[in-house]
Student: 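Structure incoming, see below.
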Protein chains: 2
Amino acid sequence: MGKKNITFSDIAKYTGFSKTTISRYFNNPDSLTLENQQIIATALEKLNYKENKVARILANGKTEFIGIIIPNLYMHYYSEILNQILKTYDSFGYKFLVFTGDDHESTERKYIQELLAYKIEGMIILSHTIPSIELASYNIPIVTIEREDQYVSSVNTDNYMGGVQATSLLAKTGADILIHINADIPKQTPSYERIRGFSDICKEYNIPHEMILTDTGHTYDETSRILKDLLETIDTKYKRKTKGIFLPNDTFANIMLNHLIQKYGCLPDDYKIIGFDDSPVSREAIIPISTVGQQIDKIALSAMELLNEQIEERHKRKPTLSVEPTHKIIPPILINRKTTLPVER
Amino acid sequence: MGKKNITFSDIAKYTGFSKTTISRYFNNPDSLTLENQQIIATALEKLNYKENKVARILANGKTEFIGIIIPNLYMHYYSEILNQILKTYDSFGYKFLVFTGDDHESTERKYIQELLAYKIEGMIILSHTIPSIELASYNIPIVTIEREDQYVSSVNTDNYMGGVQATSLLAKTGADILIHINADIPKQTPSYERIRGFSDICKEYNIPHEMILTDTGHTYDETSRILKDLLETIDTKYKRKTKGIFLPNDTFANIMLNHLIQKYGCLPDDYKIIGFDDSPVSREAIIPISTVGQQIDKIALSAMELLNEQIEERHKRKPTLSVEPTHKIIPPILINRKTTLPVER
DNA sequence: TTGTACGCGTTATCAT
DNA sequence: ATGATAACGCGTACAA
């Protein structure tokens, strides 16, 4: 507010053209003669014009805003997803209004209302609180990532494949017994498929296995204690056997690894460990941990592509309304590091 | 675009009031009688009115947008800062337009122009590329976090104090020689103060010390290799002495710790280690690493408070222009874990 | 307490 | 190739 904003009117007055022509200079410059473009260009310079996209939005309805609701940013997976999404600005041009959800349905609903009030063109939802049937009812392009997605388009990692890959690698080490530890997550959650993948492979190849579905705690220390106890149980229960343990994420895998090393001074040959996510800790661990990496860059890109399609669709022609939601699946990548070396015979 | 948007006009027609009254219902409801409020409320329900803040912005100039330019989100420090900033929505109500910088001055400049075009009310800058004198020239409320800040308001950790605390803790363990490894960062960078803190304490108390300022690599593997070499050097150079090593961040500290454990099977009593940042890896390391924690929640809150003050200032009265920039300092917190146990005599 | 009339800065429509 | 004029949806004097 250094006095007053320069507007198209000012430029128009200054150059002798009409506001319309100034507008055209920005949106369809080819329709002006080169010299007139030049005249306007210098006028813009001289008057130090600053564009006002708010006015433009009101006039043409295109905000180029996309709303994001993400559970948090302290988990590496989420911050990396956001990282990759934000990077698409250079190719898609959408600006991102970001909210971190707080796990309360009502407040996240408020966030959505706020986003709608700003006339966002679409949303990317990663938080889990609001059911997809409600999301669909907002009647705006939506893509969810790694959450319940029955009624909206989505991008998910191929969790089943991830479970299969992790389990297979564990089996190939020569482990006698395969163990999967996980929280007792609901069956609709995408990551439940990892459990199925583990289970199916074990059954298909007749591999002895145990599924430990239990409360894994809500803080790091709690989880650490629980996993320590679990390790003790496993240690005595499968004394003579080689144990292949599939943890649901790298943080858990790292905790397990640390407990083992604190107990034995090294990673014993009868323990094989794999995590999930390829988060930094898996690489930074005392022994680099094998894991299943989600292709976060591809997930983010696919989400934006899906969303962009929907947005472009609705910018033209008639509604073509309520196309079936698209569900895109991104394969994970097995990362074989040092915690799944073959058993030495 | 389910047909057409309901506007104040529609509500006005439907209720028999004027648009002004409908507007007042939202902005100054007390000026209406309770029954009329009720009438309008039900009309809004019935017609399924959705507010349009874009129009409101154009009319009153208040976007409630704040722009953020942050270098990246894969470093825990940055994602946590963003996390905490986003959380302030509940108390301040500002919406955040987020860009990740890419270390190119020109593109970050483009981001700023884009943000300005959306009439943001202020900016929080964490990226380092654009000098503060240029930031100041944009003539809009700005707060920077942990970067060069001569001409703009800022919030920074008390890096000097952090360096002092880390060094003191190391000294208190009884270490014979204190070593600080760091990249050769420019003196204007806030974190350079950590180096000064280390240096000053060592000199003040006549503690033998060595400062290793060198290229620390640009990838994890590179850094790992460099630190391994450095460790070898230190190991032979200070054979009989107890070495207290102050690393510039927890990732480095963790790498050093892992190298030590891989070499000796444990953390030898003649090695004391401290990192910086209190990032997850410091806690998740095989031996929990002592570190200096930045109070990220307070940093974020202070930044928003500073920014909010500036914004409110400019919403009222005359410019009161170009007040001196405010620089706020947040003290760090020493976190004494298991890598700085006193030397056993 | 409520209404009138105009402004915010652009784009879209229809002319010329 | 350029212009005049009416939107876009809301806020705000000023009036009543």
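Keep in mind that the numbers below use all heavy atoms, side chains included, and drop hydrogens, waters and symmetry copies.
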Student: Please state how far atom CD1 in Ile57(A) lies from atom P in dA12(C), giving the value in whole angstrom units.
Tutor: 13 Å
Student: Within the 4.0 Å heavy-atom criterion, would you say Lys19(A) contacts the bases, only the backbone, or no part of the nucleic acid?
Tutor: base
Student: Between Asn52(A) (CG) and dG9(D) (C1'), how many Å, whole number?
Tutor: 15 Å
Student: At under 4.0 Å between heavy atoms, what does Phe17(B) touch on the DNA or RNA strands: base, sugar-phosphate, or nothing?
Tutor: sugar-phosphate
Student: Arg24(A) side chain: which of dT1(C), dT2(D), dT11(C) is closest?
Tutor: dT2(D)
Student: Quickly work out the Tyr25(A) OH to dT2(D) P distance and round it to whole Å.
Tutor: 13 Å
Student: Roughly how many Å is it from OH in Tyr118(A) to P in dG9(D), rounded to a whole number?
Tutor: 17 Å
Student: Side-chain N or O of Thr21(B) less than 4.0 angstrom from OP1 or OP2 on dG3(C)?
Tutor: yes
Student: Just checking Thr7(B): base, sugar-phosphate only, or nothing, at a heavy-atom cut-off of under 4.0 Å?
Tutor: sugar-phosphate
Student: So, does Thr20(A) get its side chain near the phosphate of dG3(D), meaning an N or O under 4.0 Å from OP1 or OP2?
Tutor: no
Student: Salt-bridge test for Lys110(A) and Glu114(A): reply yes if a basic N is under 4.0 Å from a carboxylate O, no otherwise.
Tutor: no
Student: Do the two ring centres, one from Tyr111(B) and one from Tyr89(A), sit under 6.0 Å apart?
Tutor: yes
Student: Return whichever of Asn60(A) or Asn27(B) has its heavy-atom-nearest nucleotide of DNA chain D closer to the 5' end.
Tutor: Asn60(A)
Student: Is the phosphate of dT11(C), meaning OP1 or OP2, less than 4.0 Å from a side-chain N or O of Ser23(A)?
Tutor: yes
Student: Could you go through Phe96(A) and Phe99(B), starting from their C-alpha distance and side-chain angles, then the distance that decides it, and tell me whether this counts as ring-ring contact (aromatic ring centres under 6.0 Å, His included)?
Tutor: CA-CA 8 Å; Phe96(A) 297 98; Phe99(B) 284 89; 8.3 Å; no
Student: What is the distance, to the nearest angstrom, from the CG atom on Leu58(A) to the C1' atom on dG7(C)?
Tutor: 12 Å
Student: Fit a plane to each ring of Tyr49(B) and Phe26(B), take the angle between them on a 0 to 90° scale, and name the class: parallel (under 30°), tilted (30 to 60°) or perpendicular (over 60°).
Tutor: tilted
Student: Distance check needed: dC10(D) P versus Tyr49(B) OH, whole Å only.
Tutor: 4 Å
Student: Please pick, from dG9(C), dC10(D), dT11(C), the nucleotide with the shortest atom-to-atom distance to any side-chain atom of Asn5(A).
Tutor: dG9(C)
Student: Let me know the distance between CZ of Phe26(B) and C1' of dC10(D), rounded to the nearest Å.
Tutor: 11 Å
Student: Give Thr33(B) one of three labels, base, sugar-phosphate or nothing, depending on what nucleic acid heavy atoms sit under 4.0 Å from its own.
Tutor: sugar-phosphate
Student: Could you state the CD-P distance from Gln37(B) to dT1(C), rounded to the nearest angstrom?
Tutor: 10 Å
Student: Please report the closest heavy-atom contact between Gln295(B) and Ile330(B), naming both atoms and the distance.
Tutor: CB-CG2, 4.0 Å
